[in-house]
Structures are given as structure tokens and as C-alpha cells.
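First up is the structure itself, then whatever we jot down about it.
Quantities reported herein were computed from a predicted structural model and do not represent experimental measurements.
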Amino acid sequence: STAINPRSVDLICAARAKGTYDQYDVYLRQFSSYCIDNSIPPRDPTLDDIINFLQVLIDRRLAYTTVNTARSALSFYLNYFKGVEVGKIPLVCALLDGYARVHPPTPKYVLIWDVNILLRKFRLLEGNSKLDLNVLSFKVVTLLSITTAARGQAIHDFCLSRATWEDDRVVFLLSKPMKNYVKGAPLEMITIFKFQADRKICPYRALREYIFRTKPLRGNLDCVWISLNKPYRAIGVQTLHNWIKAMLQSAKVVGYGGHTTRSAATSMAAFLKLSVETIIIRGRWSNCQTFAKFYKKSIEDDLSLIHI
């Protein structure tokens with residue numbers, strides 16, 4: 001509607017995260033191509049057209065979650081043009097339910113790596129001030145990931161202007177809502193504590209050294225994380241995950257992505273008998289079912305991960 005205030009349009013668009021729009025865009029482009037190839041009006045497909053498109057994705061043996069994202073994208077798109085919520089059409093729901101029953105989703109990781117392997121690697125490294133900047137970057141991001149159990153998206157959001165430093169901790173106030181944001185709640189704060197018992201695995205000291213070493217390189221950049229090479233600029237969250245993966249590989253932890261630190265850290269906490277309530281709070285989950293279903297894993301034996 002052209003009568004809607006432009007500021008209202010901005011707020012309506014902000015109802016979904018940019019990452020969600022990016023995911024939707026992938027499948028809306030595929031749907032558009034499918035419609036063109038089959039002479040279907042993209043804004044006015046029939047129910048048969050919708051089901052047949054989703055079947056094309058299923059025939060490619062895409063993951064259930066992927067097909068479900070495509071369904072959500074179509075629901076968003078067609079609800080705008082036709083007032084049709086694809087995700088609530090009984091036949092579409094039955095199609096996805098049948099796919100999940102016939103080809104049930106399997107977890108990408110049945111086991112998770114042992115955090116102790118990484119900690120031993122950190123203890124073998126030189127002190128933070130003597131580390132190559134690349135290695136220091138990989139180390140500090142990985143340390144923050146396993147000690148805070150925060151999402152990579154949250155760690156990536158760290159800004160110097162939103163940090164409050166104290167003698168034994170630093171608190172970062174995030175600049176935007178994260179995936180698990182509760183509507184109406186204050187923005188999340190992430191606290192990084194100084195670890196007195198062992199300087200080499202202290203995330204607080206590693207972060208201070210990183211910020212000190214990168215200060216001459218960052219210019220006016222307010223973001224904490226900057227690229228490793230000139231021209232120095234802000235990096236994306238995927239680059240942070242790549243840094244973590246590089247750190248894991250240097251510790252001979254192979255076959256795991258950079259996003260697995262959250263599962264590894266909280267699974268180790270559960271193994272060490274920390275209370276479920278503490279783990280839920282640190283993981284920023286709303287209930288224990290999310291942790292139990294998606295993050296809690298059995299920990300691999302060291303010998304299966306260390307390659308001599």
C-alpha cells in the first residue's frame with residue numbers, strides 16, 4: 001500500500017532479521033526460475049504449483065530444514081501478494097510431514113570434540129604478546145566462544161564503544177537482537193571474566209592483547225574484529241567461524257565447523273555435572289529441551305581426535 005508511512009514500512013521490514021531475508025531470497029529466486037520455466041505467474045501460483053516446486057527440492061534430497069525454509073519463504077512472499085499462508089495449507093503441511101517421516105532428519109554431529117584438547121593446545125602456545133597476530137586472532141575468538149557459549153553472531157557484534165572494562169571482567173552490550181531475542185526484553189550483555197588460575201587460557205587477557213595489537217590497524221573502526229590483511233576492515237561472522245575452524249584444525253580437531261564451540265562447551269559443562277539451570281543461562285536458551293535436543297552431545301575420546 002502506498003498510503004503506509006515509510007517509517008512504518010521500515011519497521012515492518014525489520015520484523016525479520018537480515019539473515020532470514022537472505023535465506024528467503026535464495027529460494028524465492030529458485031521459485032521464480034521454476035515459474036518462468038513452467039509458464040507459471042510467480043505471484044499467482046496454484047496449490048499444485050506450490051507443491052510441485054517443493055517436490056523439486058525434495059527430489060534433490062535437500063535437508064528437511066532447507067525445504068521448510070523454502071516453505072516459509074513462499075508463505076512470506078505469497079501472503080504479501082495473495083494473502084495465502086503456505087505454511088498453514090493442510091496439503092503442504094502433509095507433504096513436509098511425510099518427508100520428515102520417510103526421510104527423518106539426522107544430526108550433523110552425533111559426537112562432539114573434547115574442549116580439553118583445545119585448552120592443551122593453548123597452553124603449548126607462547127604468551128599472547130609473542131603470538132603472531134593471526135594466531136592470536138584465532139585463539140581469542142575461539143576462547144571467547146568456548147568460555148561464553150555465545151553464538152558466533154553475538155561475538156561478531158562486539159564493538160569497542162559498547163564495552164565496559166573492569167579489573168576482572170569486560171561486559172559487551174550487543175547492538176542488535178540475536179536469534180534467541182525475546183520481544184520487549186533489553187539487549188543482551190555478554191560478560192568475559194579474567195581467569196586467574198591460568199593466564200594462557202584466560203579470554204580476558206587474550207582479548208586485551210588483541211585489541212592492543214590491532215589498535216594501530218583499525219583506524220576509526222569501532223568493531224572489535226578486523227581482517228588479517230590490508231586493507232583492514234570489518235569482517236563477517238563466517239570469517240569468525242573460519243578462524244575458529246583454523247584453530248581447531250591446528251589442535252588436530254578435524255571434521256568440525258567453527259559453530260560447534262557452543263555445543264562442545266555446554267556438553268563439557270554437562271559432563272562435569274554443572275547444573276542444567278546454569279547451562280541454560282550461559283547458553284541463553286529459554287528451556288532445557290533446546291539444549292538437550294540440539295546441543296548436548298557425547299564427547300569423543302581424545303584418541304579418536306588426535307592424529308599423531
Side-chain angles (χ1 to χ4, degrees), residues 112-152 154-174 188-218 223-226 228 235 239-253 256 258-274 278-279 281-284 299 302:
I112 197 66
W113 49 275
D114 187 347
V115 170
N116 287 310
I117 297 175
L118 200 57
L119 297 181
R120 287 198 291 270
K121 172 66 177 180
F122 291 148
R123 290 187 176 105
L124 291 174
L125 295 175
E126 294 185 286
N128 294 325
S129 62
K130 296 181 179 180
L131 290 177
D132 172 83
L133 182 56
N134 287 20
V135 176
L136 177 63
S137 301
F138 300 164
K139 174 185 175 180
V140 65
V141 168
T142 309
L143 259 178
L144 293 182
S145 296
I146 62 176
T147 54
T148 64
R151 297 178 182 277
I155 294 174
H156 173 261
D157 190 61
F158 287 2
C159 294
L160 299 176
S161 63
R162 301 175 75 86
T164 302
W165 291 88
E166 299 180 18
D167 290 340
D168 63 343
R169 72 193 66 186
V170 56
V171 181
F172 284 95
L173 175 63
L174 301 187
E188 184 180 344
M189 292 187 293
I190 294 181
T191 303
I192 299 155
F193 294 95
K194 182 183 287 186
F195 184 45
Q196 302 289 2
D198 191 336
R199 299 176 68 91
K200 285 197 171 183
I201 59 172
C202 173
Y204 177 94
R205 291 184 176 90
L207 179 60
R208 291 216 76 146
E209 178 66 21
Y210 172 82
I211 292 174
F212 172 74
R213 296 266 294 277
T214 55
K215 183 177 181 180
L217 310 176
R218 64 177 59 252
C223 58
V224 168
W225 314 111
I226 64 171
L228 300 174
I235 61 172
T239 300
L240 282 192
H241 285 150
N242 292 341
W243 288 5
I244 295 171
K245 185 174 182 179
M247 191 75 251
L248 292 177
Q249 290 176 342
S250 73
K252 308 302 181 185
V253 178
Y256 291 96
H259 61 284
T260 57
T261 50
R262 188 165 157 86
S263 176
T266 52
S267 295
M268 177 57 74
F271 177 77
L272 295 174
K273 308 299 184 184
L274 268 70
T278 300
I279 294 172
I281 291 171
R282 294 296 290 175
R284 299 157 190 87
I299 298 171
D302 281 11

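- Using modelled atom types, one side-chain atom of Arg218 and one backbone atom of Cys223 make a donor-acceptor pair closer than 3.5 Å.
- Not counting sequence neighbours, the partners of Arg213 by the salt bridge (charged side-chain N to carboxylate O under 4.0 Å, His left out) test are Glu209.
- Using bins of under 30°, 30° to 60° and over 60° for the plane-to-plane angle, the ring pair Trp165/Tyr204 lands in the perpendicular bin.
- Remark: Asp132 engages Asn134, Val135 in a side-chain contact (heavy atoms from CB on, under 4.5 Å) (not counting sequence neighbours).
- Atom CZ of Arg284 sits about 5.5 Å away from atom OG1 of Thr148, to the nearest 0.5 Å.
- Using a 4.5 Å heavy-atom cutoff, the side chains of Met247 and Lys121 are in contact.
- In this structure, the side chain of His156 engages the main chain of Ile235 through a donor-acceptor pair within 3.5 Å.
- The side-chain contact (heavy atoms from CB on, under 4.5 Å) with Phe172 is formed by just one residue from the set Asp157, Thr191, Val224, Thr164; it is Val224.
- Heavy atoms from other residues, nucleotides or ligands lying under 6.0 Å from CZ of Arg199 number 12 at most.
- A distance of 6.5 Å separates OG1 of Thr147 from CD1 of Ile192, quoted to the nearest 0.5 Å.
- Shown are Thr260, Leu118, Val141; of these, the side-chain contact (heavy atoms from CB on, under 4.5 Å) with Ile244 is made only by Val141.
- Not one N or O on the side chain of Lys194 forms a donor-acceptor pair closer than 3.5 Å with the backbone of Asp168.
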